[in-house]
Colleague: 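Please read through the structure below; I'll follow up with questions.
Each ligand, and each atom within it, is numbered from 1 in the order the structure gives. Nothing here was measured: the structure is a model prediction, and the numbers come from that model.
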Amino acid sequence: MTTRDASFQAGDKTVTLPIIEGTIGPAVADIRKLYNDTGMFTYDPGFTSTASCESKITYIDGDAGILLYRGYPIDQLAEHGDFLETCYLLLYGELPTVNEKADFDYRITRHTMVHEQMARFFQGFRRDAHPMAVMVASVGALSAFYHDSTNIADPVERMVASTRMIAKLPTLAAMAYKYSVGQPFVYPKNDLDYTSNFLRMCFAVPCEEYKVNPVMSRALDRFFILHADHEQNASTSTVRLAGSSGANPFACVAAGIASLWGPAHGGANEAVLKMLAEIGTPDRIPIYIAKAKDKNDPFRLMGFGHRVYKNYDPRAKIMQRTTREVLAELGVKDALLDVAIELENIALHDEYFIEKKLYPNIDFYSGITLKAMGLPTAMFTVLFAVARTVGWIAQWKEMIEDPGSKIGRPRQLYTGQTQRDYLPMTKR
Ligand code: CMC
């Protein structure tokens, strides 16, 4: 046994567990042979101590509040680059040169239109359908419209599917919005950048010209960069697990969108706004702080706490600044922002939140920014899905291209009935 092995005593057996080091972050104990050697599983509901895969894409140090995409700090990418540059970095592992960036932008831009029949597919939804429901269905449906890029064994088809999803998700998201407000779909316009194009598809109407506000476009682009990837979170793990069976990438990303929808994950920014509206005025904050602390009350402060960050979420700092820029540009005075600032201030100085290391997360600010831009709360998680698509795809590709990857198949601790005999109904 080397010093980098751990040993584990199971009954009278001592098992050696090799320790594998990453480039940074915690090492892992390799338990793959544990069941064969001992007949035991490990037990870790919620994966709080389990690394589900090896990855080179994103690194988080939750205690230090650090987030790196391919080694680059998130604040540098958000400050100096644009979203498509981040997409390129996540997909290919390096920042693009001038020519590579121009070529990538061109490829994405030329794939933004969706099959015309998608418009008819949309007509089947109720007008009041939640746009996330529409996204789950329409992204899943892409596999029916783009058969020619579903062969996951072919690297060219994998790249075509990846390009299609990054390019078409904003178009579908804008269509989901337009459908919900009863306005005609707006086709993409190739002379606009990715984010400006998305804003135009959301807010232009055929009867007048729409001029993109560069402050709004930059803010939303930054929102996309900040949400592009976040290592093995619930939706990304869902995409990997779905993809591990060999399912096509459109179906896998649809599964990721379904997971993202939950209020403990991507649905939190929508939940933050609902909570701020319910609080209403700063003087009512203490009531909600008390509710959040009460063990018998299921209420949680939405936008606070994170499974990984036990420090200020580095994305929240950038989002907070962006929120202020957007509100100043649009001249919006939002009473909810006053509640948010006061709530943040109170919670950051409260013993309960300090002790449990509950800091504001990115969702705390993003909702206010998106609301100021004129987007309805039901669209917030949709925008998160647009941004996270590249992360899901990069992680899916990494898994498919790893020769050692296997179908994901967790085990369980069974606590149900032991075997018993079937009784006829009259004898039960
Ligand atoms: N308000 C009040 N108490 C909280 C909160 C909160 N927002 N979050 C955690 N706690 C308490 C919790 O009650 C528990 O206390 P105790 O140890 O006394 O039982 C302790 O802190 C640890 O909580 P946990 O549920 O074990 O922590 P977790 O890592 O499983 O949960 C979380 C992380 C994000 C689900 C949780 O903090 C939460 O529900 N936050 C509110 C929802 C939210 O903002 N979600 C967005 C996450 S960021 C976006 C993303 O990456 O998708």
Colleague: Check step by step if side chain to side chain donor-acceptor pair (under 3.5 Å) holds for Q123 and Y179.
Modeller: CA-CA 8 Å; Q123 307 303 323; Y179 189 73; 4.6 Å; no
Colleague: Below 3.5 angstrom, do we get any N/O pair linking M302 and ligand 1?
Modeller: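 No, no N or O pair falls under 3.5 Å.
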Colleague: Among the heavy atoms of F364, does any lie under 4.0 Å from an atom of ligand 1?
Modeller: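 F364 does not count as a contact of ligand 1 under the 4.0 Å cut-off.
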Colleague: Is there a donor-acceptor contact under 3.5 Å linking the side chains of D44 and T50?
Modeller: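 The answer is yes; a qualifying pair exists.
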Colleague: Report yes or no: is the cationic atom of K178 (NZ for Lys, CZ for Arg) closer than 6.0 Å to the six-membered ring centre of F185, at no more than 45° off its axis?
Modeller: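 Judged by the rule (NZ or CZ under 6.0 Å from the ring centre, within 45° of its axis), K178 is not positioned above F185.
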Colleague: I'd like to check whether G303 has a polar contact with ligand 1, where a contact means an N/O of the residue lying under 3.5 Å from an N/O of the ligand.
Modeller: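 It does: an N or O of G303 is found under 3.5 Å from an N or O of ligand 1.
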Colleague: Decide if the gap between the ring center of H230 and the ring center of H306 is smaller than 6.0 angstrom.
Modeller: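 Close enough - the centres of the two rings lie under 6.0 Å apart.
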Colleague: Going by distance alone, is a donor N or O of one side chain under 3.5 Å from an acceptor N or O of the other, for T150 and N248?
Modeller: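 N248 and T150 do not have a side-chain donor-acceptor pair below 3.5 Å.
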Colleague: Protein heavy atoms near atom 51 (O) of ligand 1, is at least one of them under 4.0 angstrom away?
Modeller: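 Looking at atom 51 (O) of ligand 1, one finds that a protein heavy atom does lie closer than 4.0 Å.
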Colleague: Determine whether any heavy atom of N361 lies closer than 4.0 Å to an atom of ligand 1.
Modeller: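 Within the 4.0 Å threshold, so yes.
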Colleague: Among I60, L301, L260, which one has a heavy atom closest to atom 1 (N) of ligand 1?
Modeller: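 Comparing heavy atoms across I60, L301, L260, the nearest one to atom 1 (N) of ligand 1 lies in L301.
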Colleague: Can you tell whether the side chains of D221 and R218 come within less than 4.0 Å, N to carboxylate O?
Modeller: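 Salt bridge present between D221 and R218.
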Colleague: Out of R315, K356, R300, E231, whose heavy atom sits nearest atom 12 (C) of ligand 1?
Modeller: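 Considering heavy atoms of R315, K356, R300, E231, the nearest to atom 12 (C) of ligand 1 sits in R300.
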Colleague: Any atom of ligand 1 sitting under 4.0 Å from a heavy atom of K293?
Modeller: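 No; K293 lies far enough from ligand 1 that no heavy-atom distance drops under 4.0 Å.
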Colleague: Ligand 1 versus D313, non-hydrogen atoms closer than 4.0 Å: side chain, backbone, both, neither?
Modeller: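 No part of D313 comes within reach of ligand 1.
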